[in-house]
Undergrad: 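Dropping a structure here in structure tokens format, bear with me for questions.
Just so it is clear: chains get the letters A, B, ... in the order the sequence lines come, proteins before strands, and each one is counted from 1.
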There are 4 protein chains.
Amino acid sequence: MSDQEWIKELINDTEDTVISEKQQKILAAAIDTFSEKGFAASSTSEIAKKAGVAEGTIFRHYKTKKELLLAIVTPTMAKFAAPFFIKTFAKEVFEKEYEHYEDFLRMIAKNRLEFVKKHFSVLKIFIQEIAFHDELREPYQKLFNEHVYGKFKKIIEHFQEKGEIIDLPPETIIRMSASSIIGYILPRFILFPNQEWDDDKEIEHIVEFVMYGLSGKR
Amino acid sequence: MSDQEWIKELINDTEDTVISEKQQKILAAAIDTFSEKGFAASSTSEIAKKAGVAEGTIFRHYKTKKELLLAIVTPTMAKFAAPFFIKTFAKEVFEKEYEHYEDFLRMIAKNRLEFVKKHFSVLKIFIQEIAFHDELREPYQKLFNEHVYGKFKKIIEHFQEKGEIIDLPPETIIRMSASSIIGYILPRFILFPNQEWDDDKEIEHIVEFVMYGLSGKR
Amino acid sequence: MSDQEWIKELINDTEDTVISEKQQKILAAAIDTFSEKGFAASSTSEIAKKAGVAEGTIFRHYKTKKELLLAIVTPTMAKFAAPFFIKTFAKEVFEKEYEHYEDFLRMIAKNRLEFVKKHFSVLKIFIQEIAFHDELREPYQKLFNEHVYGKFKKIIEHFQEKGEIIDLPPETIIRMSASSIIGYILPRFILFPNQEWDDDKEIEHIVEFVMYGLSGKR
Amino acid sequence: MSDQEWIKELINDTEDTVISEKQQKILAAAIDTFSEKGFAASSTSEIAKKAGVAEGTIFRHYKTKKELLLAIVTPTMAKFAAPFFIKTFAKEVFEKEYEHYEDFLRMIAKNRLEFVKKHFSVLKIFIQEIAFHDELREPYQKLFNEHVYGKFKKIIEHFQEKGEIIDLPPETIIRMSASSIIGYILPRFILFPNQEWDDDKEIEHIVEFVMYGLSGKR
DNA sequence: TATGAATGAGACTTCATTCAT
DNA sequence: GATGAATGAAGTCTCATTCAT
């Protein structure tokens, strides 16, 4: 399963809704502004100016400012969770492609890092605003609980049975795996984005760390 | 070195500046509102109402809304970083109290978790707003770079020499240690705060994970 | 050279900037209010009410209250100084139309008095506020120094050479001529505006006074 | 009649009202602020700070901000008009000291110029605010009409009878005399206060001008 | 469909004034 | 008498949203 396949899936999800050129400009301007100043501190008039459209045009496409936020965040988050929805996802993990948890972890890390690189602005908006809008929190909490967590859990149990990974509750394992990746993404993109980063090497460190820990004992 | 000692230090830092009762009400109301709605989406009139004071009273104490934000966030963050400034901090790690990195890690984890429990609202505000206000980001970036990172590095090198921990760049070790802790705090307080959490047990998992990794090979 | 010509010049200067009906109402209401209460004591809410528009409408057209002040005062003052900028101004004085300083003075007096009658409110605002706003003072000081004073000086020297007027420094002559006119305008429009005034007769007195003084000896 | 006598008169007018040191500081600070920013744009809190007193202290001495304005302006204006109230004023003009209108004019000019120099700030405040406060305009209009104008008129008629000055209505003569002096004061103190001014020479010019006009023919 | 002028509610902030200490 | 914290009305200005064109 390659990047390409996912992306196709994702694009198909939203491509049926045709988006006019003006709408695209509005979305781009809104992403820019929201991610720079935050949703509440961004004004629709500034977005309109940046998009090169009239103030009223925004409201022709999106009834309210919040609807504009959702229009930005929703499809991107759907894409973010998309891999876990692919029918073949778990099967492939079990059967062939990812013989070890390590491989699986490496794949997820690389893959989602790539995604973050591409969609960083929108993710930033999402993370900022999820705290304040139930419309954002609820569907993604549900989505995570019902789909992502479920599949993940199966995969982890699979590798636990194989004796590859320790016997902790799956949510703990998920948390530790995920937080190690996120713990790289945060400084990488937010705290010190201007520093030079060798992503491949760092991912190896992360995988190594997660798998073998900090213990000097190998 | 115990909690008590730190707390004393912290309190002394700010207790000389006497705070009137109304001021305290304003601060409490502001923390409440900011952490619930975010800084930009909170109105001073709402804060005033919640604090039971006239709106003008807020501005007698804090020239601007942003100054109110800083008045909330700055001392709390100073307290958060405070342990790392205590003169005895590194010495105690090296000499006696924390013979192993594990002990040190456990202490930090417990200790800062305690702090987060107590000051969660303010920390949430800080995390939310640091992305948008240079006045917040810069001093803490500097503080971290100049003080926290330096001491941490020495400690890590110390345990690396002892062969207790792996030979990765210190910032990578820090990142992994910290993100494992943060990776617990985030779901613990933000995503699923209503769930039951056995903090002591979870910290043991974290420490174990960080020290020995997920690898089944012990 | 007649009033008509000047006025055309002036109107052309600003007529290309089209002003909407609401804008005109706002300007009229602002002139009214500023001249009655002074700039600082006038509130935008009162102006809005008087203009019959929403308060926000004022700020759509003029970013700040001060910009509204400048929008009122600047073009009027430009018009006030306009006669001195007409290409033919000095030539006509020298060559034919105003053979004597007296004629020139009478023309200026009548002409500018007419202007004051028409634009008294705005001039009052200007005079009141010039003391407090550098943005007002500086351009007009410069304008006066560079253009009005220069032309005036040449004209005065011309009549001094002809032996028509006394040999004092041109700025003194200007001051005395001007203050005699202003010394009429002030009581005429500010101190006792309700009294009956025979402008033509008074201007004759002024001209006579400026030329021959109060001495009974002719 | 000398300066000294007038000044004594004036001082006696107000010296019975004892003024505390704090009050003096308040008055000085208020004069400073009002004359720099205008009455409406000055805040009592700024005045209090400049005076080194608490905000409330101002209101202990002056019930309202406007009362503070009046406390500043009223005695100064009384002093300004004072010469005209001295019992001997007109008599001395008629009988001996000022044999010619010219002498009288010179004396007034010098004398009031001196006064303006000393009390410029307050006069500026007065001139600015008289347009907006009936409490200021009315008493001084009355005072001028009843006392100053009356005496002035007598003096002028006296010199008209002697054939020293032209036969224009007294108010016209007053206006022309006064405006010639004011026409010096304005640029002297407001427009170009930083320039070098030879007051004595300029006053001679003014007197000469008022008496003999600008005509070169003597 | 797009525009942008207009709106009015509400934002932050200032200020003259009061009053308990 | 002096203070300065507190007030709340009012000030300037912003903003999401509407609607006639």
Undergrad: Relative to the 5' end of DNA chain F, which residue comes earlier, D:Gly52 or B:Val53, by the nucleotide with the nearest heavy atom?
TA: D:Gly52

Undergrad: Mind telling me whether A:Phe34 and A:Phe39 have parallel, tilted or perpendicular rings, with 30° and 60° as the class edges?
TA: perpendicular

Undergrad: Using Watson-Crick and G-U wobble pairs with both distances under 3.5 Å, what is the 5'-to-3' dot-bracket string of DNA chain E, with [ ] for crossing pairs and | for pairs outside the strand?
TA: .||||||||||||||||||||

Undergrad: Do B:Leu68 and B:Ile26 come within less than 4.5 Å of each other through their side chains, counting heavy atoms only?
TA: yes

Undergrad: Grab the CD1-C1' distance between C:Ile47 and F:dA10 for me, whole Å please.
TA: 15 Å

Undergrad: Output the rounded distance in Å from OH (B:Tyr62) to P (F:dA5).
TA: 12 Å

Undergrad: May I ask you to decide if A:Ile31's main-chain N or O and A:Ser121's side chain share a donor-acceptor pair within less than 3.5 Å?
TA: no

Undergrad: Tell me, please, which residues at least two apart from D:Lys66 pass salt bridge (Lys or Arg N to Asp or Glu O under 4.0 Å).
TA: D:Glu135

Undergrad: Does any residue of residues 24-34 of chain A have a heavy atom under 4.0 Å from DNA chain E, and if so, which ones, in number order?
TA: none

Undergrad: Can you tell which of E:dA6, E:dA2, F:dA2 lies closest to the side chain of A:Lys22?
TA: E:dA2

Undergrad: Without decimals, in angstroms, what is the distance between B:Gln23 CD and F:dT7 P?
TA: 13 Å

Undergrad: Rounding to a whole Å, what distance do you find between D:Lys49:NZ and F:dA5:P?
TA: 12 Å

Undergrad: Whole angstroms only, please: what is the CD1-C1' distance between C:Ile58 and E:dA5?
TA: 14 Å

Undergrad: For the NZ atom of B:Lys25 and the CD1 atom of B:Ile47, what is their distance to the nearest 0.5 Å?
TA: 15.5 Å

Undergrad: Between F:dA5 atom C1' and B:Ile19 atom CD1, what is the distance in whole Å?
TA: 16 Å

Undergrad: Just to confirm, is there a sub-4.0 Å distance from OP1 or OP2 of F:dA2 to any side-chain nitrogen or oxygen of D:His61?
TA: yes

Undergrad: Just by distance, do the side chain of C:Gln128 and the backbone of C:Ser35 share a donor-acceptor pair under 3.5 Å?
TA: no

Undergrad: In whole Å, I'd like the distance from the CD atom of A:Glu21 to the P atom of E:dA2.
TA: 10 Å

Undergrad: Quick one: list whatever passes side chain to side chain donor-acceptor pair (under 3.5 Å) with A:Thr57, sequence neighbours left out.
TA: none

Undergrad: Whole Å only: how far is the CG atom of C:Leu68 from the C1' atom of F:dG11?
TA: 15 Å

Undergrad: Quick check on the 6.0 Å ring-centre criterion: do D:Phe126 and D:Tyr140 meet it?
TA: yes

Undergrad: Say whether, by atom type as modelled, one donor and one acceptor occur between the side chain of D:Lys49 and the main chain of D:Glu55 under 3.5 angstrom.
TA: no

Undergrad: Heavy atoms under 4.0 Å is the rule here; annotate nucleotides 13-21 of chain E 5' to 3' with B where the base is hit, S where only the sugar-phosphate is, and - elsewhere.
TA: BBSBBB---

Undergrad: By salt bridge (Lys or Arg N to Asp or Glu O under 4.0 Å), which residues pair with D:Glu46, not counting sequence neighbours?
TA: D:Lys37

Undergrad: So, taking the atom named CD in A:Glu67 and the one named NZ in A:Lys63, what distance separates them when rounded to the nearest 0.5 Å?
TA: 5.0 Å

